[in-house]
Chemist: 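First the structure, which I've put down as structure tokens, then a few questions once you've had a look.
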Amino acid sequence: MTIEFPVLSLIIFIPIIAGVLMLFLPKEQKDLVRGLAIAAAASVFILSLFVYLNYNAQVETLATAQANLLADAGRDGDLQAFNLDDYELTAAGSSRAAAGTSVATQMYKDGMAFEEYVEWLPQLGIAYHVGVDGLSVPMVLLTGMVAVAGVLVSWRIDDRTREFMAFFMLLVAGVYGVFLAQDIFLLFFFYELAIFPMYLLIATWGWVQLREYAAMKLTLYILIGSVIALVGALAMLFVAADFFNGAGASVFEAAKASGLLRPDLTPFNFNMTSVMLAAENGAFNVAGYAGIDGLTFAKLWFPFIFLGLAVLAGVFPFHNWSPDGHVAAPTAVSMIHAGVLMKLGAYAALRMGVQFLPEGAQVHLPWIVFLTLVNVVYGAFIAFRQRDFKYVIGFSSVSHMGLVSMGFATMNLTGMTGAGLQMFSHGAMTALFFGCVGMVYDRAHTRDIPSLGGFIKVMPWVGIAFIVGGLTSMGMPGLSGFVAEFPIFAGLWRASEEITLNIGAFTLSNYYSVIVVLSALGIVITAAYVLRVTSQVFFGDFDRAKYPDVDDITPRERFVLLFLGAPLILLGMLPSIMAPMLEVGLRPILAIFGGGA
């Protein structure tokens with residue numbers, strides 16, 4: 001699918017242009033700055049919604065094409081494994097699969113929509129190449145939602161409003177860029193672009209007692225992780241180039257001749273489709289890497305690339321920056337930090353790690369799943385122990401993001417689809433949570449949970465919104481948390497008989513089912529702290545003498561709560577509006593686990 005109108009470039013550059021324009025406005029024109037910010041955020045949300053609806057309309061056609069590719073390559077077993085056996089195949093299938101060596105890559109290429117390609121640094125194989133697939137489209141929509149909500153929640157900021165909104169727009173553009181990038185250089189470019197505005201927003205407008213420490217800690221953790229991942233990514237590109245110049249030369253030329261790759265592409269390039277083709281044909285699985293028998297590039301570099309990027313997703317033990325960052329950040333920054341930025345880390349880890357290094361994923365994810373278990377249970381325990389309203393939500397995010405990485409570790413369609421749903425569900429839910437916390441704090445000027453009480457009597461909209469978010473967090477049926485968490489646990493249970501962990505002569509099998517049981521503790525603890533916080537903050541007697549200035553929220557803030565809360569209910573009742581789309585995006589990643597067979 002292609003489209004002439006550069007909708008993705010507009011999504012990226014509208015916030016950038018708006019941010020630059022704001023800096024040229026007089027600092028006294030705060031209402032004009034706010035108007036420009038909401039106009040930019042609303043514009044990119046509308047464009048994101050257009051992309052989502054347009055792509056969703058093509059999902060069934062794309063799924064049928066994927067089934068044809070697999071059938072034509074003789075991979076009938078994958079039709080059932082990828083839930084494609086219900087689709088009617090064409091008589092001829094697809095003639096584009098080159099002897100089964102490019103099936104996954106072709107599926108990935110065919111699933112790309114709204115592609116834009118402009119040569120940037122052709123001497124280095126770098127291009128401005130953007131596009132979306134079934135995995136990135138929901139993240140694009142989520143980013144648009146949180147951007148609009150963040151601007152509206154920040155309406156009361158009077159301290160250097162111009163600079164705040166400008167940096168917030170740059171942050172939004174960086175997040176969009178990562179989800180849209182189809183060039184590895186471009187992905188890391190936007191990844192870093194998203195970090196530095198976050199530092200400035202926290203260090204300048206954050207909570208005075210913690211902001212400088214939290215901003216520096218956040219930046220160092222994420223920057224170090226991304227640099228390690230970047231080194232691994234560059235090494236990956238050199239290995240792919242050597243493969244295409246040697247044993248894989250015929251594969252590379254055949255891909256260019258068939259249109260799978262651009263005809264002017266050189267063996268050394270940053271194109272994600274090209275790297276995926278190299279991965280599918282075993283370029284990163286050659287034994288003897290670094291002169292060590294049995295060692296491959298994928299086995300060595302997968303943990304560095306995956307965990308380096310997953311630092312931003314809050315994976316244990318590299319999660320410690322996240323709760324402090326949440327607490328110190330202004331409300332809007334907390335919303336986009338937990339709502340979108342942590343998903344950016346998980347998304348990049350999936351793309352650069354699991355998708356390009358499947359052999360490494362099969363070796364390392366069986367032990368990384370233990371780290372995700374610590375995320376889920378430990379994060380919930382620590383959240384339960386907090387007195388600070390914002391710290392509860394911060395550690396809750398660490399816990400729930402563990403479920404996303406846990407879904408990746410299943411390496412099956414059920415669990416990974418649940419992970420995709422969890423990314424969207426948690427993004428909207430945690431943005432709603434932080435919005436509620438910010439509205440309470442702005443009026444009560446305290447986040448100490450035992451000091452609050454009865455706030456639902458004066459702020460009923462906030463109380464109801466927090467309850468909806470809390471029920472979603474607990475995985476209540478009928479809400480998006482349930483339709484996300486259930487497939488993750490079902491995928492873990494299914495994978496238990498298929499995945500083993502081998503450490504020397506030691507072999508551990510059938511342990512994923514135990515992880516499911518232990519992870520259930522996280523749900524129980526989540527229910528406990530959600531009910532505790534809801535009871536202490538929103539119910540009981542309200543002390544008017546203690547909080548004389550607390551009043552109900554504005555219509556603008558009510559819109560924010562509805563805007564973020566409605567998708568939690570809609571997705572919970574109708575998961576079919578997103579799950580098939582995610583499956584279309586995930587099948588190429590799963591298909592590469594079958595190599596070229």
Side-chain angles (χ1 to χ4, degrees), residues 3-23 25 32-56 113-116 128-133 135-155 161-162 164-182 186-187 189-191 193-195 197-198 201 332-333 335-344 347 423-424 427-428 431-432 435 556 559-560 562-564 566-567 578 581:
I3 188 167
E4 297 294 332
F5 187 66
V7 60
L8 301 188
S9 290
L10 286 175
I11 288 175
I12 294 173
F13 288 106
I14 283 177
I16 294 176
I17 294 170
V20 172
L21 288 177
M22 288 174 194
L23 296 177
L25 294 176
L32 182 58
V33 169
R34 295 181 183 114
L36 181 57
I38 192 58
S43 297
V44 294
F45 168 71
I46 292 170
L47 291 172
S48 301
L49 183 61
F50 167 76
V51 169
Y52 185 92
L53 295 175
N54 186 281
Y55 196 95
N56 195 48
F114 300 98
E115 273 191 280
E116 300 171 35
Y128 173 79
H129 185 192
V130 293
V132 290
D133 67 352
L135 184 61
S136 58
V137 169
M139 297 298 99
V140 170
L141 179 63
L142 176 65
T143 305
M145 290 170 50
V146 178
V148 170
V151 171
L152 292 176
V153 164
S154 306
W155 212 260
T161 306
R162 177 184 62 181
F164 178 90
M165 292 296 183
F167 289 137
F168 187 76
M169 288 293 106
L170 290 177
L171 173 59
V172 170
V175 173
Y176 267 126
V178 173
F179 290 138
L180 300 176
Q182 294 302 314
L186 202 62
L187 184 146
F189 175 84
F190 284 116
Y191 193 94
L193 178 62
I195 295 174
M198 176 72 79
L201 287 165
V333 179
M335 292 169 68
I336 200 165
H337 173 188
V340 180
L341 207 66
M342 295 182 78
K343 316 306 174 292
L344 184 152
Y347 173 88
M423 284 200 289
F424 185 89
L432 180 64
R556 182 184 62 252
F559 173 79
V560 170
L562 284 173
F563 191 60
L564 295 173
M578 188 173 292
M581 181 187 299

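All residue numbers in this chain count up from 1 along the given sequence.
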Chemist: Taking all non-hydrogen atoms of both residues into account, name the closest pair between Pro138 and Phe424 and its distance.
Modeler: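 That closest heavy-atom pairing would be O-CD1, 3.5 Å.
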
Chemist: I'd like to check the side-chain hydrogen bond (donor to acceptor under 3.5 Å, both in side chains) partners of Thr161; sequence neighbours left out, ordered by chain and number.
Modeler: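 Once residues adjacent in sequence are excluded, Thr161 has no partner under the side-chain hydrogen bond (donor to acceptor under 3.5 Å, both in side chains) criterion.
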
Chemist: Who passes side chain to side chain contact (heavy atoms under 4.5 Å, CB included) against Leu32, sequence neighbours left out?
Modeler: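 Counting only residues at least two positions away or on another chain, Leu32 forms a side chain to side chain contact (heavy atoms under 4.5 Å, CB included) with Leu25, Gln29.
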
Chemist: List, one per line, each side-chain donor-acceptor pair under 3.5 Å for residues 45-52, sequence neighbours excluded.
Modeler:
from, atom 1, to, atom 2, distance (Å)
Ser48, OG, Val44, O, 2.6
Ser48, OG, Tyr176, OH, 2.9
Tyr52, OH, Ile577, O, 2.5

Chemist: Measuring only between side-chain heavy atoms, which start at C-beta, is Ile12 closer than 4.5 Å to Tyr128?
Modeler: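 Heavy-atom side-chain distance check passes, below 4.5 Å.
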
Chemist: Any donor and acceptor pair, going by atom type alone, linking the side chain of Gln182 with main-chain N or O of Glu115 inside 3.5 Å?
Modeler: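 A pair under 3.5 Å: no.
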
Chemist: Looking at every non-hydrogen atom in both residues, tell me the closest pair between Glu116 and Val7 and how far apart they are.
Modeler: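 So the two residues come closest at OE2-N, 3.6 Å.
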
Chemist: Suppose we screen for ring-ring contact (aromatic ring centres under 6.0 Å, His included). Which residues come up paired with Phe13, at least two apart in sequence or across chains?
Modeler: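 None.
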
Chemist: Taking atom CG of Leu171 and atom CE of Met198, what is their separation to the nearest 0.5 Å?
Modeler: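 It is 5.0 Å, given to the nearest 0.5 Å.
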
Chemist: Please give me the minimum heavy-atom distance between Leu8 and Gly131, naming the atom from each residue.
Modeler: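 So the two residues come closest at CD1-CA, 3.5 Å.
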
Chemist: Once you round to the nearest 0.5 Å, how far does CE of Met423 lie from CG of Leu344?
Modeler: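 Met423 atom CE to Leu344 atom CG measures 10.0 Å (nearest 0.5 Å).
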
Chemist: For residues Ala37 and Met165, report the shortest heavy-atom separation together with the two atoms involved.
Modeler: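 Reported closest heavy-atom pair: CB-SD, 3.8 Å.
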
Chemist: Side-chain contact, heavy-atom cut-off 4.5 Å: Val33 with Phe164?
Modeler: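 Of all side-chain heavy-atom pairs linking Phe164 with Val33, none is under 4.5 Å.
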
Chemist: Answer yes or no: is there a side-chain heavy-atom contact under 4.5 Å between Phe563 and Leu152?
Modeler: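 Phe563 does not reach Leu152 side chain to side chain.
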
Chemist: Between Phe114 and Leu180, is there a side-chain heavy-atom distance shorter than 4.5 Å?
Modeler: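 When only atoms from C-beta onward are counted, Phe114 and Leu180 do not touch, as no gap falls below 4.5 Å.
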
Chemist: Residues in salt bridge (Lys or Arg N to Asp or Glu O under 4.0 Å) with Arg162, at least two apart?
Modeler: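 Partners of Arg162 under the salt bridge (Lys or Arg N to Asp or Glu O under 4.0 Å) test: none.
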
Chemist: Quick one: CE on Met22 to CD1 on Ile17, what's the gap to the nearest 0.5 Å?
Modeler: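 So the gap between those two atoms works out to 12.0 Å.
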
Chemist: Can any side-chain N or O of Ser154 pair as donor or acceptor with the backbone N or O of Gly150 at less than 3.5 Å?
Modeler: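 Side chain of Ser154 to backbone of Gly150: a pair is present.
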
Chemist: Which atom pair, heavy atoms only, marks the closest approach of Ala173 to Pro15?
Modeler: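 Nearest pair, atom of Ala173 first, then Pro15: CB-CB, 4.1 Å.
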
Chemist: Report the residues that fulfil side-chain hydrogen bond (donor to acceptor under 3.5 Å, both in side chains) with Tyr191, sequence neighbours left out, ordered by chain and then residue number.
Modeler: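 Testing Tyr191 for side-chain hydrogen bond (donor to acceptor under 3.5 Å, both in side chains), a comparison that skips the adjacent residues, returns none.
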
Chemist: Does Phe179 reach the side chain of Val340, with side-chain heavy atoms less than 4.5 Å apart?
Modeler: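 The answer is yes, as the side chains (C-beta and beyond) meet within the 4.5 Å cut-off.
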
Chemist: What's the spacing between His337 NE2 and Leu201 CG if we round to 0.5 Å?
Modeler: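 One gets 12.0 Å once the value is rounded to the nearest 0.5 Å.
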
Chemist: If every non-hydrogen atom of Tyr347 is compared with every non-hydrogen atom of Val178, which pair is closest and at what distance?
Modeler: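 Here Tyr347 and Val178 meet closest at CE2-O, 3.7 Å.
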
Chemist: Met169 versus Leu36: any side-chain heavy-atom pair under 4.5 Å?
Modeler: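 No, too far: nothing below the 4.5 Å cut-off.
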
